[in-house]
Amino acid sequence: MDKIKMTTPLVEMDGDEMTRILWKMIKEELILPYVDLKTEYYDLGLEHRNETDDQVTVDSANATLKYGVAVKCATITPNAARMTEYHLKEMWKSPNGTIRAILDGTVFRAPILVKGIVPYVKNWTRPITIARHAYGDVYKNTEIKVPGAGRAELVFTAQDGTQVRELIHEFDGAGILQGIHNTEKSILSFARACFAYAADTRQDLWFSTKDTISKKYDHTFKDIFQEVYDTEYKKIFEELGIEYFYTLIDDAVARVIRSEGGFIWACKNYDGDVMSDMVATAYGDLSMMTSVLVSPNGVYEYEAAHGTVQRHYYKHLKGEETSTNSIATIFAWTGALRKRGELDGNRELADFADSLERACIRTVEEGRMTKSLSLISTCEHPVILNSLDFIRAIRETFDAMR
């Protein structure tokens, strides 16, 4: 059969370690045989980022703004050990953080549900999507280790020189201080991305903060979300039959645990960081979690929620066999291809993405899977496959479904 044609390229961001190996396998086995793939390629592997002084990351984000859809492999955020291992010029920033800042995006993470992998929360029969604000708060903090007694104040100096001062604490001994911030512009973008994604996917949207304690900081988030809903999305939500719901974060946790799922849970930056890992683990495994960065002006960047699978990569380098689950990375590709198809009016490309996802799920449900999936599956006699054979098994299933 003829390959599916594409009219507009995807931005392709290659990555690091074991996921980079899987990336190549997925393209060769599951994409290129069926799609006349058009991508604008950027190598975000740590060595190349180091060679370009990380300009390649900026270039890839700007290309995403141009083309509207990107697919990204997992990448390394270097620490001191990586500085030595990769002979880095400096400790480069998180590629995801750089891309999020340029795209002004919000991260949406959702589990991939498969029969035979039962969530630890038994009543979670539908996926819960975590929407994480991707700017500010503790991730842009300023810290001081207080050496001894003294006064700590929060000071804002306006452009005209006037100041607002608030007492933080009168220290009678050593302690610690932390200053955090956010901007109305970023919070507004976060809110609009959440409402737009909820409308696009026809899911209820929940938002939670601790505004009873943080009466200015968290309450600003709450107010902006309510204003965006009232002025821009209330009528749309009513027409779609979906709901916007606000509650305190502690009440939200209790409600989420008792729910059956099937909604988007919007969280501030740190809350979303923690809750996305909790939700992923409760549904089964981080390797079965999708992630998409969505900007308020409709730009999408898809990737797996997990990291570069460093331990398996070191085994691979020694020539040892690995059994690495590639489903989340495959779903990054299918998510990007589907969105590209939707934006271009290319139904054949979108249908291909849907079919490939069904093939992934059917392969696991029929008992062929990687080692990590076998440990959480209720399948009595799973066939455990290595990394490449698992991808080839998905291809066999896909071909049989056509």
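Below, each value reflects all heavy atoms present in this structure, side chains not excepted, and no hydrogens, waters or symmetry copies. Counting from 1, the numbers follow the sequence of the chain as shown.
Residue E232 qualifies as enclosed at atom CD: its count of foreign heavy atoms under 6.0 Å is above 12. When the shell of 6.0 Å around NZ of K140 is examined, it contains 12 or fewer heavy atoms from other residues, nucleotides or ligands. Within 6.0 Å of CD1 on I144 lie no more than 12 heavy atoms contributed by other residues, nucleotides or ligands. Few gaps surround NZ on K122; more than 12 heavy atoms of other groups in view lie less than 6.0 Å from it. For D160, the CG atom counts as densely surrounded, since its 6.0 Å shell holds more than 12 non-hydrogen atoms of other residues, nucleotides or ligands. Within 6.0 Å of the CD atom in E380, the count of heavy atoms belonging to other residues, nucleotides or ligands does not exceed 12. More than 12 heavy atoms of other residues, nucleotides or ligands shown are found within 6.0 angstrom of NZ on K210. No more than 12 heavy-atom neighbours from other residues, nucleotides or ligands sit within 6.0 angstrom of CD on E184.
D271 is linked by a side-chain contact (heavy atoms from CB on, under 4.5 Å) to I249, C267, K268, counting only residues two or more places apart in sequence or in another chain. Legend: residues meeting side chain to side chain donor-acceptor pair (under 3.5 Å) with N141, ordered by chain and number and at least two apart, are E143.
With Y34 as reference, R395 is the one residue of R395, K3, R402 to meet the side-chain hydrogen bond (donor to acceptor under 3.5 Å, both in side chains) rule. Checked against H133 for a ring-ring contact (aromatic ring centres under 6.0 Å, His included), the options F221, Y139, F108, Y270 give a single hit: F221.
Inspection of the S387 and T324 side chains reveals an N or O donor paired with an N or O acceptor under 3.5 Å. A donor atom on one side chain and an acceptor atom on the other are not found under 3.5 Å apart for D104 and S295. Side-chain N/O atoms of E40 and Y67 include a donor and acceptor closer than 3.5 Å. Under the 3.5 Å distance criterion, with hydrogens and angles disregarded, no donor-acceptor pair is assigned to the side chains of S94 and N96. Side chain to side chain, T220 and D223 fail the donor-acceptor criterion of an N or O pair below 3.5 Å.
Judged by the 6.0 Å distance and 45° axis criteria, R358 is not positioned over the aromatic ring of F352.
Salt bridge present: R338 and E357 bring a charged side-chain N and a carboxylate O closer than 4.0 Å.
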Listing, residues 169-177 side-chain donor-acceptor contacts under 3.5 Å, not counting sequence neighbours, or none:
unit_1	atom_1	unit_2	atom_2	d
E170	OE2	R151	NE	3.4
E170	OE2	R151	NH2	2.8

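Between the CE atom of M25 and the CD1 atom of I31 there is a distance of 14.5 Å, given to the nearest 0.5 Å.
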